[in-house]
Amino acid sequence: MNLADGLADWLSGQPVWGGAEVVGWRFELAEEERLHAGLRGGRLGGPYHPPGISTLVSGELDLRWSDGLRTLATLDRRVASERETALAAWRAEAFRDQSAPPIPGPCACPTVDTADPRVEQIVRDDRRPFLELLGRARAAGRREGCAELDATAVLGRSGRTIVSSRGLAVCFPETTCSLTVAVGDLYEAEFAKRRLPREDELAELVDRTTRTATALRREEQLPPGSLSVLLLPEVVEAMARHFLGGNLAGRAVLDGRSAFSLKAFRDGQLVARQDLEVIVDTTLPLELATTPCSAEGVPGGRVALIAGGRLVTPTLGMAQAQRCGLPPTPTPRGAPALLFRVTGSEIELDEACARLDRGLIVSFVMGLHTQPARTGSYAVAAPQAQLVRNGAAGGRVRVRLAGNLFDHLRDRSAAFVRVPRALNPGLLLAETLAVRAS
Amino acid sequence: MRTARFDDAVAAALDEAARRRLLLIARCQDRQTLTLAVRAGQSGRAQSRRMVGIGVQVFTERGWCGFAASDDWSPRAVRELIRQADGMARASGSFEPDANHAAFALEPGERRVLPRIGPSATPRVEALLAALRDANGALADLDGIVVRSRCSIVDDEWRIVRSDGTDVSFALTHANPRHDLTGLSEPIAVTASAWGRDGSVLFDADAVIGWERRARRVVAHARAALGAPALALGSANVVIDARLAKGLAHEAFGHGCETDVAPISVLATDGRLRIGERVGPEHVSILDEPLHGDPASQPISANGLVRQPVEIVRAGLLAGGLGDLFSSGAAGVPITGACRAESYRERPTPRMTNTRIVVDRTLALDGDAEDPPPEVVAAALRSAGLWRVGESTLYLTGYRGGQAHPSQGDFVFASAATYDLSDDCAPRRPAVLSGRTESVLWAIQAGLGKLQIDTVGLCGKNGANVVSSGGSHALLVLGARADLKVGGG
């Protein structure tokens with residue numbers, strides 16, 4: 001019997017501690033195995049990035065006691081061997097929760113791809129291809145003239161089980177694969193999905209990294225006057241997570257901490273261009289976000305948080321959904337947390353660069369996490385912005401950027417830019433961003 | 001200590017490593033965290049988290065390294081971990097591995113158990129929640145402000161074992177109560193934190209009152225900034241408080257002195273820290289030191305070595321690095337036991353503990369030294385002869401976090417409140433300070449007030465969080481420099 005089945009059987013027996021009985025429960029349990037290793041300066045491993053493997057049982061538990069108390073706890077491997085000790089600890093940590101959501105029953109989950117059999121095989125049986133992945137990245141870097149490539153690879157597999165006392169029972173396999181390639185702090189690019197990268201994806205990742213880093217080694221002076229700025233998808237996603245993610249979170253909306261009120265959602269307030277949708281999608285094939293259901297038993301799916309530029313729904317767990325009388329929303333398990341979809345025209349990356357008569361390409365900003373999320377305003381450093389003149393990418397300029405993401409999303413003059421292999425678009429801002437040399 | 005439960009696991013690990021002719025560093029951890037949360041008018045919730053397991057780092061005779069970690073610490077499982085780590089290390093031999101023999105040169109150690117500090121019994125959850133509700137309720141009169149109060153209480157026991165006989169156990173405990181304060185109709189979002197060794201901080205009358213005062217002050221600063229203009233980016237004289245000074249010491253300078261970063265640090269040449277090079281004026285020093293009772297304290301490194309204080313900068317000269325076993329030699333500095341890890345699953349790296357800037361040129365500061373009002377700061381500058389007529393002087397207070405790139409020397413950190421002292425102390429929107437590691441210390445002109453080194457935060461280097469702390473004098477006075485920019489927000 002596996003750990004999850006054993007735990008479910010035991011809890012179904014309604015164990016008692018301190019005069020109270022377990023009368024309801026829900027848990028999520030994952031048994032995970034993960035490989036990791038790194039290259040630094042073109043060398044594999046070493047004491048800081050050695051090839052390694054880790055195994056872990058993790059999860060979360062929601063218990064309801066016969067006296068009305070609730071326990072929220074994380075799960076570990078002890079659930080198999082130290083049940084009585086764990087039960088005593090859970091009882092000691094029980095508290096009265098006036099806003100506890102009901103224990104979920106069975107849900108209709110979509111069929112989604114969450115595991116790549118090749119990743120499972122490498123992690124379980126055949127680990128040499130894992131180190132070869134880093135070896136291939138290094139070889140590709142050397143072919144591009146970069147002998148000192150940095151890279152980090154992580155491959156994981158797990159079996160995840162979500163069960164409740166009311167009949168919820170979902171089990172699914174998961175795999176993860178992330179490969180980050182960098183040249184010092186100059187430029188970093190990442191592949192992160194539930195599957196291995198294809199050869200062309202690996203080659204493009206390394207080529208882009210070495211090519212961009214080579215260009216950024218040359219420092220240039222920021223020219224006077226206004227500049228257009230192309231925020232690459234990684235920056236747009238980081239800003240979306242920080243500013244939109246926080247303000248669209250149901251708990252923040254209900255607590256009054258969001259820029260948007262619950263009434264604004266009910267009224268469908270216009271907050272962005274009318275050709276813009278902001279979506280949560282947990283059904284994309286082999287993306288880290290993909291899952292058949294959340295830990296609370298909310299089925300996976302695709303839902304628009306903003307449609308036609310108007311607020312539709314905040315992201316809602318079971319408790320928040322109950323509080324505001326709206327259906328709960330799917331919860332991504334990783335990237336992409338949010339997706340931008342433009343019903344109007346997007347432009348291609350080449351065209352965006354060509355439009356940058358005088359401009360900057362920004363792939364990384366520093367200090368975004370220090371900016372207050374509620375206003376959408378930011379003032380950040382971009383120490384590795386790439387200067388573009390007459391459509392040709394040049395060297396590096398150190399700049400400070402100031403703007404407001406909410407304004408960008410309302411800006412009709414801004415262009416969303418389709419970038420090969422990126423799930424989200426970049427954003428080309430025509431001289432609406434304050435740019436200063438730093 | 002709970003780490004005694006690893007006795008069989010440790011014995012199995014040492015035996016299996018010896019059988020395979022491996023040098024072993026094993027890290028056993030038993031971490032218990034209780035997180036409490038209360039929202040205004042509600043009863044609150046508690047969530048416990050426990051992390052128990054063992055990580056083994058092995059070195060072959062050729063210096064190749066492998067790692068394995070698991071939450072299963074049965075002797076059989078631990079032997080399998082050693083086998084896996086051995087296999088990974090040897091497999092890396094075909095891929096031009098980075099060989100490191102430093103661990104083979106360590107002196108033999110012995111078994112030690114460092115005494116736990118502070119009470120071992122934590123109050124019951126309901127009592128802790130009641131105390132947190134009281135603290136939350138004390139701020140109920142803040143009009144239009146939603147107060148969410150949280151407290152994480154961490155009890156973290158470690159046991160570090162090496163093939164050379166070293167076997168040392170120690171406990172790290174801390175509690176972090178914080179109020180998150182958000183304006184209902186105003187774009188205010190601020191945090192007021194307090195720190196203590198354990199959950200008793202919620203029952204200590206002085207700590208609770210100090211925490212409440214801090215919350216009221218950060219709300220007052222945030223309200224003052226409402227509708228205030230943003231600062232245009234530029235250079236100015238800047239006065240920063242001890243919390244921002246901790247950011248300066250940690251982000252702007254400290255990371256560049258960690259020896260794993262030396263191969264790329266702007267403070268190193270060909271991988272060696274430029275010890276003896278002048279990096280600031282004679283009156284400026286930076287010290288990193290684990291302090292007894294400090295939340296960021298770590299008496300023993302993740303490799304089982306005693307953590308030592310390091311003078312990073314002495315009288316303006318680069319004097320030392322945060323050296324760990326594996327990289328201090330290449331960086332040209334002694335081993336100082338600077339290695340830390342968030343968990344047994346992580347590969348440790350050099351990290352800071354309590355890092356502070358100490359200024360010889362220190363002037364007195366009257367009144368409450370924490371968050372002094374801008375008028376008090378302006379008066380202190382005048383009385384110290386540091387007021388620059390006709391020049392812009394800004395006062396930045398409160399810390400919202402920062403980030404650094406040691407290889408490029410760029411750093412950035414953000415204040416929670418900003419005042420233009422040269423414009424009659426008028427509030428401005430919170431500002432961002434950015435600059436270059438190589439030159440930032442030259443801006444420090446003076447310190448005002450006594451040392452305040454109890455600012456606590458989380459350092460997220462390489463994606464692994466450890467508690468860091470530090471500070472400086474109540475206020476640091478920085479002169480305007482072209483490469484130190486302030487503005488935005």
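Closest non-hydrogen pair, B:Asp71 versus A:Val57, comes out as OD2-N, 2.7 Å. Here the shortest heavy-atom pairing between A:Phe95 and B:Glu126 reads CA-OE2, 3.3 Å. B:Cys65 and A:Pro47 make their closest contact through SG-CA, 4.1 Å (heavy atoms, listed as atom of the first residue, atom of the second, distance). When all heavy atoms are compared, the tightest approach of A:Ala92 to B:Arg124 is O-NH2, 4.2 Å. Considering all non-hydrogen atoms of both residues, B:Ser70 and A:Thr55 come closest at OG-OG1, 2.9 Å.
Distance check, rounded to the nearest 0.5 Å: CG of B:Asp72 to CG of A:Asp76 gives 11.0 Å. Taking CZ of B:Arg49 as the start and CG of A:Leu75 as the end, the distance is 10.5 Å to the nearest 0.5 Å. Here the CZ atom belonging to B:Arg345 is positioned 5.5 Å from the CZ atom belonging to A:Arg34, to the nearest 0.5 angstrom. The structure places CD of B:Glu251 at 8.0 Å from CE of A:Met366, a figure rounded to the nearest 0.5 Å. Going from atom CG of A:Asp255 over to atom CZ of B:Arg148 covers 6.0 Å, rounded to the nearest 0.5 Å. One finds the CD1 atom of A:Ile53 at 9.0 Å from the CZ atom of B:Arg83 (value rounded to the nearest 0.5 Å).
Most heavy-atom pairs under 4.5 Å with chain A: of the set B:Met88, B:Lys485, B:Met51, this distinction falls to B:Met88. Heavy-atom pairs under 4.5 Å with chain A peak, among B:Ser48, B:Gly435, B:Ala414, at B:Ser48. The most heavy-atom pairs under 4.5 Å with chain B, out of A:Asp185, A:Leu368, A:Leu61, come from A:Asp185. Of the listed residues (A:Leu186, A:Thr71, A:Thr375), the one with the most heavy-atom contacts under 4.5 Å to chain B is A:Leu186. Counting heavy-atom pairs closer than 4.5 Å to chain B, the top residue among A:Glu132, A:Glu60, A:Glu33 is A:Glu132. Of the residues considered (B:Gly183, B:Ala416, B:Pro348, B:Ala85), B:Gly183 shows the highest number of contacts with chain A, using heavy-atom pairs under 4.5 Å. In terms of heavy-atom pairs under 4.5 Å with chain B, the best-connected choice from A:Gln384, A:Arg40, A:His49 is A:Gln384. Chain A forms more heavy-atom pairs under 4.5 Å with one residue of B:Ala68, B:Ala69, B:Gly401 than with any other, namely B:Ala69. Looking only at heavy-atom pairs under 4.5 Å with chain B, the residue among A:Leu401, A:Leu56, A:Val380, A:Leu39 that has the most is A:Leu56. When each of A:Arg436, A:His36, A:Arg128 is scored by its heavy-atom pairs under 4.5 Å with chain B, the top score falls to A:His36.
When B:Asp324, B:Asp260, B:Thr349 are each tested for a side-chain hydrogen bond (donor to acceptor under 3.5 Å, both in side chains) with A:Tyr48, only one passes: B:Asp324.
Interface remark: B:Phe411 contributes backbone atoms only to the contact with chain A (heavy atom separation under 4.5 Å). Interface remark: B:Tyr344 contributes side-chain atoms only to the contact with chain A (heavy atom separation under 4.5 Å). For a residue to count as touching a neighbouring chain, one of its non-hydrogen atoms must lie under 4.5 Å from one of that chain's; by this rule A:Ser261 does not touch chain B. At a 4.5 Å heavy-atom cutoff, the contact between B:Gln57 and chain A is made by side-chain atoms alone. Proximity to chain B is limited to the side chain of A:Arg127, based on heavy atoms less than 4.5 angstrom apart. Only the backbone of A:Ala94 comes within less than 4.5 Å of a heavy atom of chain B; no side-chain atom from C-beta onward does. B:Val412 touches chain A through backbone and side chain together, each having a heavy atom under 4.5 Å away. The parts of A:Arg257 that come within reach of chain B are both its backbone and its side chain, each placing non-hydrogen atoms under 4.5 angstrom from that chain. Heavy atoms of B:Ser327 lying under 4.5 Å from chain A belong to its backbone as well as its side chain. Proximity to chain B (any heavy atom under 4.5 Å) is shown, for A:Ala37, by neither the backbone nor the side chain. In this structure, no portion of A:Glu31 lies under 4.5 Å from any heavy atom of chain B. Contacts between A:Leu35 and chain B at a heavy-atom distance below 4.5 Å involve the side chain alone, from C-beta outward. Interface residue B:Ala46: backbone and side-chain heavy atoms are both found under 4.5 Å from chain A. If you measure heavy-atom distances from B:Arg45 to chain A, the contacts under 4.5 Å come from both the backbone and the side chain. Both the backbone and the side chain of B:Gln47 come within less than 4.5 Å of a heavy atom in chain A. When heavy atoms are compared at a cutoff of 4.5 Å, B:Pro263 does not approach chain A at all. Both the backbone and the side chain of B:Ala91 come within less than 4.5 Å of a heavy atom of chain A.
Residues satisfying the side chain to side chain donor-acceptor pair (under 3.5 Å) criterion with B:Gln408, sequence neighbours excluded, are A:Arg396.
Counting heavy-atom neighbours within 6.0 Å of A:Arg323 CZ, excluding the residue itself, gives a total above 12. Under a cut-off of 6.0 angstrom, the local environment of CD in A:Gln221 is sparse, with at most 12 non-hydrogen atoms contributed by other residues, nucleotides or ligands. Within 6.0 Å of the CZ atom in A:Arg142, the count of heavy atoms belonging to other residues, nucleotides or ligands exceeds 12.
The closest donor-acceptor contact from the side chain of B:Asp98 to the backbone of A:Arg43 lies at 3.5 Å or more, if one exists at all. Although no hydrogens or angles enter the test, the distance criterion places a donor-acceptor pair under 3.5 Å between the side chain of A:Arg400 and the main chain of B:Val432. For B:Arg400 (side chain) and A:Thr370 (main-chain N/O), a donor-acceptor pair under 3.5 Å exists by modelled atom type. Counting only distance, with no hydrogens or angles, the side chain of A:Arg138 and the backbone of B:Phe95 share a donor-acceptor pair below 3.5 Å.
Considering only heavy atoms from C-beta on, B:Ser434 stays 4.5 Å or farther from A:Arg398 through its side chain. Within the 4.5 Å cutoff, side-chain heavy atoms of B:Arg347 are placed close to those of A:Pro50.
Remark: B:Arg5 engages A:Glu82 in a salt bridge, criterion side-chain N to carboxylate O under 4.0 Å.
The aromatic rings of B:His405 and A:Phe364 sit parallel, their planes meeting at an angle under 30°, below the 60° perpendicular limit.
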